[in-house]
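Reading through the structure tokens given below for one structure.
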Amino acid sequence: MIVMKFGGTSVQDGPAMRRAIEIIESEKDRHPLIVSSAIAGATDSLLRMGQTALSGDTRAAQEILSELVSRHRWILFDLGLEKAAERDLADLIALYAEELGNFTRGVVLLRELTPRIQDAMVGYGERLAVGLLTAAARARGLDAVHVDAREVMLTDTRFGKARPEREKLPERCREKIAPIVESGKIPIMDGFVGSTSDGEPTTLGRGGSDFTAALLGAALEAEEIQIWTDVDGMLTADHRVVPEGMKIRELSFAEAAELAYFGARVLHPSTIEPAVSRDIPVRILNSRRPGASGTTIAPRCRKAGVAVKSIAVKEGIVVSDVKAHRMLMAHGFLKSMFEVFDRLEVPVDLVSTSEVSVSLTVDSVERLAEVVEELTAFSEVTVERDCAIVCLVGEELRSTPRIASRVFTALGDINVRMISQGASEVNLSFVVREGDADHAVRKLHTEFFEGMELPDVFEPVNREAVT
Ligand code: ADP
Ligand code: ASP
Ligand code: MG
């Protein structure tokens with residue numbers, strides 16, 4: 001069997017849903033399990049609706065809801081279903097709209113929006129999309145069955161970024177998904193959503209549908225995990241920053257994991273690890289160009305003959321310099337310092353040390369004040385916000401001479417705040433001011449990709465073919 005995940009743009013309207021169904025149909029002999037995100041922008045709208053209700057503006061919150069409901073109704077009518085199916089789905093949309101309206105009023109009245117309530121609201125985005133996609137598939141003659149993610153993806157209670165209880169997943173999949181696949185039907189499940197053991201809805205963090213797909217693929221020992229999105233595959237850089245970027249045909253798990261972690265949004269950072277655990281190839285494919293070959297991510301890949309395969313950027317980074325109170329790096333200082341991050345569950349991305357101080361980066365300001373307060377007990381701490389990590393990735397980076405000098409020459413007068421190479425075989429990362437990040441990527445893209453004789457691993461992106 002295979003897992004096919006469709007992102008928001010791949011189900012965003014009637015034509016996109018129809019394309020998705022055609023893609024599913026073309027793979028139906030491979031026993032697909034479908035995972036869908038909410039339609040593009042729906043999750044953002046639901047989050048905005050919650051915040052607007054929290055501010056007390058009932059009317060504005062209701063307007064956001066009406067607009068969202070209208071978008072789903074438009075898709076429904078565009079799908080041209082048989083009358084009975086259309087009526088059922090219209091009723092379902094009306095029911096979800098009513099439930100969301102109730103939540104909104106509750107938030108306005110209580111002036112409280114806990115992560116728990118927010119998750120309960122946000123999960124409707126995926127449920128609505130899956131309802132439409134399942135109906136569209138059935139109308140096309142596919143025997144599609146909606147599987148409720150809340151019955152499959154058990155998680156802990158960290159609402160907003162819940163962690164799946166992975167040991168329970170294979171059994172849940174055997175119970176809820178395998179029989180559907182075995183009977184020749186096509187299960188369609190909502191990505192991103194889960195539930196606690198008490199049945200409270202949770203979500204896996206933004207972009208989490210990729211993670212759902214990868215977890216299900218691993219639990220069901222799928223042959224392949226397909227991520228259907230709005231670009232041809234993993235590109236040499238985000239096309240919004242470097243429009244002339246190329247598609248990469250093949251990536252190793254290690255390369256893809258680094259790119260996803262360091263900001264290549266096309267893959268959620270947690271996608272690769274479940275695939276690695278079962279050696280399952282992941283393919284990134286363009287739902288608007290289903291015939292194109294996409295990017296294949298596999299345990300190992302052929303030598304590309306290039307040092308750098310892609311450049312990623314992670315924004316919203318905070319750099320912190322931590323200097324031990326005593327002049328020399330006292331024994332135990334690093335341990336005490338990392339204990340603080342560990343206890344407060346703040347992940348550290350890059351680290352570089354000198355004799356008396358440590359520079360490190362974190363990607364969230366959520367608990368920064370607490371971190372600083374605790375570190376201040378035994379060190380001097382400075383914090384610089386609005387930074388970005390730029391990350392060059394390639395299996396052959398290490399073995400290619402002069403990379404660092406080419407990078408820093410290409411950057412010219414862009415100020416580099418911190419550098420890290422070494423921890424991972426496949427990446428070279430450095431920190432710049434957020435405002436310089438795009439410029440840095442463009443300069444590096446020119447240095448490493450422009451004017452080169454195109455190695456087989458890259459493929460130009462055919463922009464005209466994209467509708
Ligand atoms: P989906 O809704 O299908 O999950 P996302 O918006 O999450 O899609 O991811 C696709 C987007 O990722 C692309 O449109 C692109 O802007 C962005 N992206 C960032 N870096 C890269 C990269 N290196 N290659 C491809 N896409 C990238
Ligand atoms: N709909 C969710 C989001 O926008 C999950 C996803 O798209 O993967 O974050
Ligand atoms: Mg995504």
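For ligands, and for the atoms within them, numbers begin at 1 and follow the listed sequence.
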**Message:** Would you say Asp57 and Thr52 are linked by a side-chain donor-acceptor pair, where the criterion is simply a distance under 3.5 Å?
**Reply:** no
**Request:** Taking only heavy atoms of Arg240 into account, list the atoms of ligand 1 that are under 4.0 Å away from them.
**Result:** 16 (O)
**Asked** Looking at atom 13 (C) of ligand 1, what's its closest protein heavy atom, distance included?
**Response** Asp230 OD1, 3.6 Å
**Prompt:** To which protein heavy atom is atom 25 (C) of ligand 1 closest, and what is the distance rounded to 0.1 Å?
**Reply:** Gly233 O, 3.4 Å
**Item:** Lys161 bridged to Asp156 by N-O distance under 4.0 Å
**Value:** no
**Asked** Between Phe211 and Phe192, is the ring centre distance below 6.0 Å?
**Response** no
**Message:** Just by distance, no angles: are the side chains of Thr236 and Ser310 close enough, under 3.5 Å, to form a donor-acceptor pair?
**Reply:** no
**Asked** Of all the non-hydrogen atoms in the protein, which one sits nearest to atom 6 (C) of ligand 2, and at what distance?
**Response** Ser209 OG, 3.4 Å
**Prompt:** Under 4.0 Å from any heavy atom of Glu126, which atoms of ligand 2 are there?
**Reply:** 1 (N), 2 (C), 5 (C)
**Message:** Would Lys314 and Tyr261 count as a cation-pi pair here, with the cationic atom under 6.0 angstrom from the ring centre and within 45° of the axis?
**Reply:** yes
**Item:** Backbone or side-chain N or O of Gly263 under 3.5 Å from ligand 1 N or O
**Value:** no
**Request:** Record the part of Ser37 in heavy-atom contact with ligand 2 below 4.0 Å; permitted values are side chain, backbone, both and neither.
**Result:** side chain
**Message:** Out of all atoms in ligand 1, which are within 4.0 Å of some heavy atom of Met234? Include the element for each.
**Reply:** 22 (C), 23 (N), 24 (N)
**Asked** Does ligand 2 have any atom sitting under 4.0 Å from a heavy atom of His268?
**Response** no
**Asked** Which atoms of ligand 1 are found less than 4.0 Å from any heavy atom of Val231?
**Response** 13 (C), 14 (O), 25 (C), 26 (N)
**Request:** Determine whether the side chain, the backbone, both or neither of Lys309 has a heavy atom under 4.0 Å from any heavy atom of ligand 1.
**Result:** neither
**Request:** Say whether Arg206, considering both its backbone and side-chain N or O atoms, lies within less than 3.5 Å of an N or O atom on ligand 2.
**Result:** yes
**Prompt:** Distance only, no hydrogens: is a donor on one side chain within 3.5 Å (strictly under) of an acceptor on the other, for Thr296 and Glu250?
**Reply:** no
**Message:** Looking at Glu27 and Arg30, is there a salt bridge between them, counting it only when a charged N and a carboxylate O are closer than 4.0 Å?
**Reply:** yes
**Item:** Atom indices of ligand 2, in the order listed, that fall short of 4.0 Å to a heavy atom of Thr43
**Value:** 1 (N), 2 (C), 3 (C), 4 (O)
**Item:** Nearest non-hydrogen protein atom, atom 4 (O) of ligand 1
**Value:** Lys5 NZ, 3.1 Å
**Fill in**
Counting from 1 in the order shown, the ligand 1 atoms closer than 4.0 Å to a non-hydrogen atom of His239 are 13 (C), 14 (O), 15 (C), 16 (O)
**Request:** Work out whether the distance between some heavy atom of Gly7 and some atom of ligand 2 is less than 4.0 Å.
**Result:** no
**Request:** Look only at interatomic distance and state if Gly8 has a nitrogen or oxygen under 3.5 Å from any nitrogen or oxygen of ligand 1.
**Result:** yes
**Fill in**
The closest protein heavy-atom partner of atom 7 (O) of ligand 1 is Arg265 O, 3.6 Å
**Message:** Looking at Glu165 and Lys168, is any side-chain nitrogen of the basic one under 4.0 Å from a carboxylate oxygen of the acidic one?
**Reply:** yes
**Prompt:** Among protein heavy atoms, which lies nearest atom 1 (P) of ligand 1, and at what distance?
**Reply:** Thr229 OG1, 3.6 Å
**Request:** Return yes when Gly207 approaches ligand 2 closer than 4.0 angstrom through a heavy atom, no otherwise.
**Result:** yes
**Prompt:** Going by an N to O cut-off under 4.0 Å, is there a salt bridge joining Glu273 and Arg166?
**Reply:** yes
**Message:** How far is atom 27 (C) of ligand 1 from the closest protein heavy atom, and which atom is that?
**Reply:** Val266 CB, 3.9 Å
**Request:** Would you please test Arg150 and Glu200 for salt bridge (Lys or Arg N to Asp or Glu O under 4.0 Å) and show each step?
**Result:** CA-CA 8 Å; Arg150 292 168 299 179; Glu200 301 264 12; over 6 Å; no
**Request:** Starting from atom 24 (N) of ligand 1, locate the nearest protein heavy atom and write down its residue, its atom name and how far away it is, to 0.1 Å.
**Result:** Leu235 N, 2.9 Å
**Request:** Would you mind telling me if ligand 1 is within reach of the side chain of Asp238, the backbone, both or neither, using heavy atoms under 4.0 Å?
**Result:** both
**Message:** Does this structure show an ion pair linking Arg18 with Asp78, if we count only N-O contacts that are shorter than 4.0 Å?
**Reply:** yes
